[in-house]
Amino acid sequence: MRRLEGKNVLITGASSGIGEATAIKFGEEGANVAINYLHGEEDAQQVKKRLLTSCNALEASGCKTLLIQADVSRPEEVEGMFMEVLEAWGSIDILINNAGIQKESPSHTMSHDDFEKVIAVDLMGPYYCSMEAIRHFLSRDGEGIIINNSSVHELIPKPQFISYSVAKGGLENMTKTLALEYAGRNIRINSVAPGAILTPINPWKNDPDIKAKVESHIPMKRAGRPEEVAAVFAFLASKDASYITGQTIFVDGGLTLYPSFAENWSS
Ligand code: BGC
């Protein structure tokens with residue numbers, strides 16, 4: 001028995017990176033996967049193809065997929081996306097708030113537009129999607145699960161990424177607040193917080209010199225693979241995590257362990 005057999009999951013931003021790896025992983029665990037994307041229709045088609053190939057190879061029972069174009073920062077598009085999945089499948093069991101962007105700039109020169117855009121996608125997006133999901137979960141019997149893709153920067157401040165750091169800090173609080181509010185209603189809400197992962201959000205993955213520099217800062221001395229993050233999403237969505245809510249699991253090769261203390265310099 002696969003861990004997510006027959007479950008209906010909606011993954012935002014699933015056309016690449018961690019979202020893509022999570023879509024494949026959930027398919028392998030037997031889930032039906034709604035793949036949300038913003039611009040990357042071709043990429044989303046590819047993810048669907050990969051998902052169906054690995055699903056069928058494993059003879060998993062789920063393997064239904066949907067492709068849904070929607071901008072998570074627009075509440076009316078989020079509403080439409082949920083309606084589309086519900087019309088097709090009748091129910092959603094798991095929401096993965098994965099879509100995210102980041103923008104770099106010294107804080108005092110970042111435009112308000114850039115700041116707001118990141119908050120809109122990384123914080124308002126999960127908020128709009130979570131509200132739709134919770135309303136749906138409460139309208140029917142059975143449990144509901146939300147898992148947010150956060151970041152080590154919900155904890156570690158990130159200079160020059162003020163909007164991103166603020167959005168992820170807010171997401172941590174949203175995870176805990178909603179988890180507490182709905183813990184008695186059979187809804188579990190958790191976060192996965194990746195460190196430096198080899199995905200398109202990190203173009204340095206294709207530059208060996210910069211990659212080596214990034215990896216020198218990570219206690220485990222390597223960047224993570226998207227599959228290593230997807231595995232934790234699958235765990236949190238499964239019965240194996242049935243008593244876990246309001247938590248963040250860091251998947252970061254030790255980045256949150258105060259790496260500068262690896263050698264003593266302070267006492
Ligand atoms: C960011 C990456 C970064 C990592 C560690 C992630 O949240 O998206 O760009 O490499 O944090 O700073």
Side-chain angles (χ1 to χ4, degrees), residues 11-23 36-40 43 72-73 96-107 110 114-127 129 147-176 190-233 236 247-262:
I11 307 179
T12 67
S15 58
S16 69
I18 292 170
E20 170 177 9
T22 304
N36 158 254
Y37 65 96
L38 178 58
H39 300 305
D43 291 342
V72 297
S73 71
I96 307 288
N97 282 315
N98 168 75
I101 56 171
Q102 60 189 24
K103 289 185 187 283
E104 178 178 10
S105 159
S107 295
M110 183 177 282
D114 275 359
F115 185 91
E116 283 168 12
K117 184 71 198 154
V118 174
I119 299 290
V121 176
D122 294 8
L123 186 58
M124 299 308 290
Y127 168 72
C129 292
I147 312 171
N148 298 312
N149 194 357
S150 180
S151 163
V152 289
H153 299 297
E154 72 167 46
L155 184 69
I156 306 174
K158 190 159 186 178
Q160 316 224 0
F161 287 78
I162 179 70
S163 48
Y164 187 74
S165 256
V166 167
K168 297 301 183 180
L171 193 56
E172 180 200 9
N173 195 294
M174 190 160 88
T175 302
K176 290 184 171 151
N190 291 292
S191 282
V192 177
I197 309 296
L198 300 169
T199 67
I201 209 170
N202 286 320
W204 49 256
K205 74 185 171 71
N206 302 318
D207 180 323
D209 291 340
I210 309 181
K211 181 166 175 275
K213 194 170 158 226
V214 170
E215 291 182 324
S216 73
H217 289 278
I218 303 170
M220 285 181 69
K221 298 296 169 214
R222 66 173 179 86
R225 288 177 283 108
E227 294 74 24
E228 293 177 298
V229 184
V232 182
F233 276 103
L236 282 173
Q247 303 303 309
T248 295
I249 299 188
F250 290 90
V251 186
D252 65 356
L255 257 189
T256 40
L257 298 175
Y258 299 91
S260 71
F261 275 85

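Side chains included, hydrogens not; waters and symmetry mates left out as well; all remaining heavy atoms used. Indexing begins at 1, ligand by ligand and atom by atom, following the structure's order.
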Problem set entry | Residues which pass ring-ring contact (aromatic ring centres under 6.0 Å, His included) with Tyr258, listed by chain and number, not counting sequence neighbours | none
Problem set entry | Check: Lys221 side chain, Ser216 main-chain N or O, donor-acceptor pair, under 3.5 Å |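 Judged by distance alone, yes, a pair lies under 3.5 Å.
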Exercise. Is a side-chain donor or acceptor of Asn149 paired with a backbone partner of Ile96 at a separation under 3.5 angstrom?
Worked result: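 Such a contact is absent between Asn149 side chain and Ile96 backbone.
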May I have a table of the N/O to N/O pairs between ligand 1 and the protein that fall below 3.5 Å, each row giving the two atom names and the distance to 0.1 Å?
unit_1	atom_1	unit_2	atom_2	d
ligand 1	7 (O)	Ser151	OG	2.6
ligand 1	7 (O)	Tyr164	OH	2.6
ligand 1	8 (O)	Gln102	OE1	2.7
ligand 1	8 (O)	Tyr164	OH	3.1
ligand 1	9 (O)	Gln102	NE2	2.9
ligand 1	9 (O)	Asn202	OD1	2.5
ligand 1	10 (O)	Asn202	OD1	3.4
ligand 1	11 (O)	His153	NE2	3.4
ligand 1	12 (O)	His153	NE2	2.6
ligand 1	12 (O)	Lys158	NZ	3.2

Exercise. Does atom CZ of Phe115 have more than 12 heavy-atom neighbours, drawn from other residues, nucleotides or ligands, at distances under 6.0 Å?
Worked result: yes
Show me, pair by pair, the donor-acceptor contacts under 3.5 angstrom made by side chains of residues 15-22, not counting sequence neighbours?
unit_1	atom_1	unit_2	atom_2	d
Glu20	OE2	Arg50	NH1	2.7
Thr22	OG1	Ile18	O	2.7

Problem set entry | Ser105: partners by side-chain contact (heavy atoms from CB on, under 4.5 Å), with sequence neighbours left out | Thr109, Met110
